[in-house]
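Just the heavy atoms: all of them, side chains too, but no hydrogens, waters or symmetry mates, feed the values below. In the text below, chain A, chain B and the rest are named by the order of the sequence lines, each starting its count at 1.
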2 protein chains.
Amino acid sequence: MPNAGPVDPLDARLLLELAKHPRATTSGLAGQVGISRNTAQARLIQMEQNGTLDSFERRIRPEALGYPLTAFITIQVTQRRLDAVADALAAVPEVLQVHGISGPIDLLVHVVATDTEDLYRIAGQILAIPGVERTNTSLVMRQLVDYRITPLLQRTAGNP
Amino acid sequence: MPNAGPVDPLDARLLLELAKHPRATTSGLAGQVGISRNTAQARLIQMEQNGTLDSFERRIRPEALGYPLTAFITIQVTQRRLDAVADALAAVPEVLQVHGISGPIDLLVHVVATDTEDLYRIAGQILAIPGVERTNTSLVMRQLVDYRITPLLQRTAGNP
DNA sequence: CCTGCGTTGGGCATCGTGCTCACCTTTCCT
DNA sequence: AGGAAAGGTGAGCACGATGCCCAACGCAGG
């Protein structure tokens with residue numbers, strides 16, 4: 001498993017630059033951050049391998065693929081069927097991610113859909129999975145804060 | 001706003017290759033997909049600009065920054081205070097994303113923390129925001145399905 | 001004091017990039 | 001049918017970036 005990639009301030013500054021300019025070259029990044037190209041290259045390769053960076057899939061917007069609707073479905077599962085339910089969820093293409101969470105609700109499922117009808121179909125498909133007791137679908141109507149991690153990066157970088 | 005980037009099967013195949021090899025070169029991708037380098041380059045640049053691709057931030061793992069805990073906090077908000085609450089949430093670095101959702105619960109907040117104590121502090125900080133009526137914190141204990149979008153990509157690519 | 005470890009600057013051959021062009025095919029419009 | 005528009009192709013070219021090597025330096029811990 002990906003061990004904790006201990007990101008030091010130097011790495012953080014490189015990542016901040018990358019967040020601003022995803023297509024920046026290694027040499028360019030080195031210049032911006034003020035380190036030698038060799039060091040920048042070493043750090044980047046290391047980060048790509050030690051689990052600091054997630055899959056490229058994260059950058060692909062479902063909207064662009066024709067799935068403009070996002071919803072979160074909470075699931076209560078018959079105990080001891082968690083893994084079986086997870087497998088069944090993984091078989092649904094529109095399921096992007098499944099979290100096992102604490103509390104009365106067992107699963108939080110991140111799904112996308114082409115339209116409301118499609119979402120209804122997917123919700124039904126999930127409800128039909130053996131072991132699924134109860135579901136609750138919440139449609140995402142607005143992104144009030146878009147995904148960002150720069151605040152934490154700046155903290156690691158020693159925010160100047 | 002990013003208009004829908006209509007991803008065609010060719011784009012999808014490029015993205016699938018990129019998902020497998022994030023550091024692949026444009027020339028390499030063109031070879032793998034079986035198109036000319038010129039076309040691949042044009043498609044990639046276009047996707048980077050028309051909103052098909054999300055920010056690079058998405059690929060940075062919070063765990064690597066020293067935030068191994070992930071939680072989802074649901075919030076009920078005093079109506080008409082949504083934007084004010086959203087602004088206050090955006091001021092919390094550990095808040096990665098905020099969704100406005102349908103149903104009795106108004107907001108779904110994605111947060112990370114260094115440990116449980118840290119999470120408790122953040123939850124308290126959120127509860128103290130004027131307009132926040134009720135919160136409910138669910139700790140993510142396991143990723144039952146890791147984020148993936150390849151199933152949808154393969155569908156777009158005309159899954160062979 | 002000495003030994004690793006990471007950074008540095010230099011250098012080098014190769015490859016990738018960004019860009020331009022002429023040419024071709026397909027599609028759509030008149 | 002004719003013709004324009006859009007997108008793919010192969011070729012070419014100058015420049016920069018890449019991957020890799022090495023000797024030297026500063027700094028930490030033993």
Side-chain angles (χ1 to χ4, degrees), chain A residues 2-56 59-61 63-66 153-160, chain B residues 2-56 59-61 63-66 153-160:
Chain A
N3 54 5
V7 171
D8 67 12
L10 210 61
D11 293 320
R13 279 160 64 202
L14 283 170
L15 292 174
L16 278 170
E17 269 302 310
L18 264 179
K20 272 191 276 185
H21 309 292
R23 294 185 61 81
T25 63
T26 309
S27 324
L29 290 175
Q32 286 293 324
V33 174
I35 57 179
S36 84
R37 180 178 71 90
N38 268 331
T39 307
Q41 198 165 346
R43 297 301 192 104
L44 290 172
I45 292 177
Q46 192 178 332
M47 285 195 277
E48 197 88 46
Q49 296 181 334
N50 73 359
T52 297
L53 294 182
D54 242 319
S55 160
F56 184 88
R59 291 196 56 200
I60 303 173
R61 296 173 58 107
E63 296 90 337
L65 298 184
L153 265 180
Q154 280 164 345
R155 181 182 288 180
T156 303
N159 48 354
Chain B
N3 55 5
V7 172
D8 67 11
L10 209 61
D11 293 320
R13 279 160 65 202
L14 283 170
L15 292 174
L16 279 169
E17 269 300 310
L18 264 178
K20 272 191 274 185
H21 309 291
R23 295 186 59 82
T25 63
T26 309
S27 324
L29 291 175
Q32 286 295 322
V33 175
I35 58 178
S36 85
R37 181 178 72 90
N38 264 333
T39 307
Q41 198 165 344
R43 298 300 193 104
L44 290 172
I45 292 177
Q46 191 178 333
M47 285 195 277
E48 196 88 46
Q49 295 181 336
N50 72 358
T52 298
L53 295 182
D54 242 319
S55 160
F56 184 87
R59 290 197 55 201
I60 304 173
R61 295 172 59 108
E63 296 89 337
L65 297 184
L153 265 180
Q154 281 164 346
R155 181 181 289 180
T156 303
N159 47 354

Interatomic distance, A:I35 CD1 vs C:dT8 P [rounded to whole Å]: 6 Å
Starting at CG of A:L14 and ending at C1' of C:dG6, how long is that distance when rounded to a whole Å? 14 Å
Apply side chain to side chain contact (heavy atoms under 4.5 Å, CB included) to residues A:V7 and B:I60 and explain how you reach the verdict. CA-CA 10 Å; A:V7 171; B:I60 304 173; over 6 Å; no
Which nucleotide in the list D:dT18, C:dG16, C:dT7 gets nearest to the side chain of A:T25? D:dT18
Do B:N38 and B:S36 pass the side chain to side chain donor-acceptor pair (under 3.5 Å) test, and can you show the C-alpha distance, the side-chain angles, and the key distance before you say yes or no? CA-CA 5 Å; B:N38 264 333; B:S36 85; 5.2 Å; no
Between atom CD in B:E48 and atom P in C:dG18, what is the gap in whole Å? 11 Å
Given the rule in the side chain to side chain contact (heavy atoms under 4.5 Å, CB included) test, do B:T156 and B:D11 qualify, once you have shown the distances and angles that lead to the verdict? CA-CA 9 Å; B:T156 303; B:D11 293 320; over 6 Å; no
A:S36 side chain N/O closer than 4.0 Å to the phosphate oxygens (OP1, OP2) of C:dG9? no
Could you tell me the separation between the CE atom of B:M47 and the C1' atom of D:dG7, rounded to a whole number of Å? 15 Å
Between D:dT9 atom C1' and B:Q41 atom CD, what is the distance in whole Å? 14 Å
Side-chain N or O of B:T26 closer than 4.0 Å to phosphate OP1/OP2 of C:dG16: no
Just wondering, do A:T39 and A:V33 contact through their side chains at under 4.5 Å, heavy atoms? no
Kindly point out which of C:dT7, C:dT17, D:dT18 is positioned nearest to the side chain of A:S27? D:dT18
Which sits closer to the 5' end of DNA chain C, A:R23 or A:R43, going by the nucleotide each is nearest to? A:R43
If you take atom types as modelled and just measure distance, does the side chain of A:N38 reach the base of C:dG10 with a donor-acceptor pair under 3.5 Å? yes
Report which part of the nucleic acid B:I45 touches: base, sugar-phosphate, or nothing (heavy-atom distance under 4.0 Å, all strands). nothing
What nucleic acid atoms does B:L44 come within less than 4.0 Å of, heavy atoms only: base, sugar-phosphate, or nothing? nothing
Specify the separation, in whole Å, of atom CD of B:Q46 and atom P of D:dG7. 8 Å
From the candidates C:dG18, D:dC21, D:dT18, the one with an atom nearest any side-chain atom of B:R37 is C:dG18
Do A:R155 and B:L65 come within less than 4.5 Å of each other through their side chains, counting heavy atoms only? no
